[in-house]
Amino acid sequence: MRIGVISDTHGSLKSIDRAIAAAGRVELWLHAGDYSQDAPYLEKQSGVPVYAVCGNCDVYENRGPVEVVTKLEDFTIAMVHGNRYVSGSHFDRLIYWAEEKKADVVVFGHIHIPVNEEVDGILVINPGSAARPRNKIPTCGVLTLLKGRKPVFEICPI
């Protein structure tokens, strides 16, 4: 299963369009907040379902949930924006939250910088920002889940 991962679109529909093109064919999108209200546009343009969480910049109307925990291809995926759990490059609280959820993969946004690392057996991923990157390169990502194999995450410049 190929899953597009995006975050911190901040209302930039052009960034979403570029991310869809960069990710290629996916079966699902995960949007890690800021703005979760961009999810309906992403869903319409991509033609696949979108799971989205709200971020610290989301307005109160049409906000997504604070967290999403779901099972895909026998993997538990936990997604949260990250503003409550991440400080700079310190992920300790995020890892603790992911462990509580028994996650195999934790997806977050907020820091506008891509992350792709394994911590305590959990794949920790952040697609960076599609619209306002802090490292000057807009990005999204693709998470590949295959039963019986480790999850793989790829960062895609847009």
Side-chain angles (χ1 to χ4, degrees), residues 1-70 72 77-95 97-98 101 103 105-117 119 122-145 151-158:
M1 177 175 211
R2 282 178 46 90
I3 301 166
V5 185
I6 194 168
S7 186
D8 297 284
T9 52
H10 291 277
S12 173
L13 304 183
K14 287 182 181 179
S15 295
I16 293 169
D17 291 339
R18 288 194 303 265
I20 291 168
R25 192 169 146 195
V26 298
E27 297 169 60
L28 173 75
W29 276 95
L30 301 176
H31 192 303
D34 284 351
Y35 297 154
S36 64
Q37 56 267 39
D38 290 343
Y41 179 82
L42 174 59
E43 190 167 88
K44 182 179 177 194
Q45 293 303 107
S46 67
V48 299
V50 176
Y51 297 169
V53 294
C54 66
N56 57 301
C57 294
D58 283 305
V59 296
Y60 285 90
E61 302 84 37
N62 303 316
R63 283 170 56 115
V66 173
E67 64 183 51
V68 168
V69 179
T70 190
L72 299 168
I77 312 298
M79 180 170 61
V80 67
H81 184 59
N83 53 301
R84 298 178 183 181
Y85 300 103
V86 177
S87 175
S89 61
H90 300 284
F91 308 138
D92 296 347
R93 290 175 50 208
L94 180 70
I95 299 304
W97 175 80
K101 304 299 179 185
V105 179
V106 64
V107 180
F108 73 106
H110 187 59
I111 62 172
H112 295 228
I113 297 170
V115 173
N116 184 8
E117 59 186 77
V119 180
I122 300 169
L123 181 59
V124 180
I125 62 174
N126 184 319
S129 174
R132 299 180 183 174
R134 293 203 172 116
N135 62 348
K136 302 190 191 291
I137 301 168
T139 52
C140 65
V142 174
L143 175 63
T144 303
L145 302 176
V152 175
F153 184 62
E154 173 189 359
I155 309 264
C156 305
I158 60 172

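Computed from heavy atoms alone, side chains included, the values below leave out hydrogens, waters and symmetry copies.
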Can you find a heavy atom in the side chain of [X] that is under 4.5 Å from one in the side chain of [Y]?
X: P114; Y: N135; result: yes
X: D17; Y: Y41; result: yes
X: D34; Y: R132; result: no

On a heavy-atom basis, which atom in [X] and which in [Y] lie closest, and how many Å separate them?
X: G128; Y: D8; value: O-OD2, 4.3 Å
X: P133; Y: P138; value: CG-N, 3.5 Å
X: S7; Y: G33; value: OG-O, 3.5 Å
X: V80; Y: V66; value: CG2-O, 3.5 Å
X: R63; Y: C54; value: NH2-SG, 2.9 Å
X: A32; Y: G109; value: CB-N, 3.8 Å

Can you list everything that forms a side chain to side chain contact (heavy atoms under 4.5 Å, CB included) with [X]? Sequence neighbours excluded, please.
X: L28; answer: M1, I3, L30, P49, Y51, L72
X: V105; answer: I77, V107, L123, I125, L143, P151
X: K101; answer: E67, V69, A78, W97
X: H110; answer: N56, H81, N83

(message) Enumerate the ring pair (Phe, Tyr, Trp, His ring centres under 6.0 Å) contacts for residues 1-39, please, sequence neighbours excluded, ordered by first and then second residue.
(response) H10-Y35, H10-H112
Can you measure from [atom1] ([X]) to [atom2] ([Y]) and round to the nearest 0.5 angstrom?
X: T9; Y: I16; atom1: OG1; atom2: CD1; value: 4.5 Å
X: I20; Y: R25; atom1: CD1; atom2: CZ; value: 15.0 Å
X: Q37; Y: C57; atom1: CD; atom2: SG; value: 9.5 Å
X: K136; Y: S129; atom1: NZ; atom2: OG; value: 13.5 Å
X: I111; Y: S87; atom1: CD1; atom2: OG; value: 10.5 Å
X: D38; Y: S12; atom1: CG; atom2: OG; value: 8.0 Å

(request) List the steps and the verdict of side-chain contact (heavy atoms from CB on, under 4.5 Å) for S46 and V26. (result) CA-CA 9 Å; S46 67; V26 298; 5.7 Å; no
(message) Under a 3.5 Å distance rule, please check whether S15 uses its side chain to pair with a backbone N or O of A130 as donor and acceptor.
(response) yes
(request) Please list, chain by chain and in numerical order, all residues satisfying ring-ring contact (aromatic ring centres under 6.0 Å, His included) with F108, sequence neighbours excluded. (result) F91
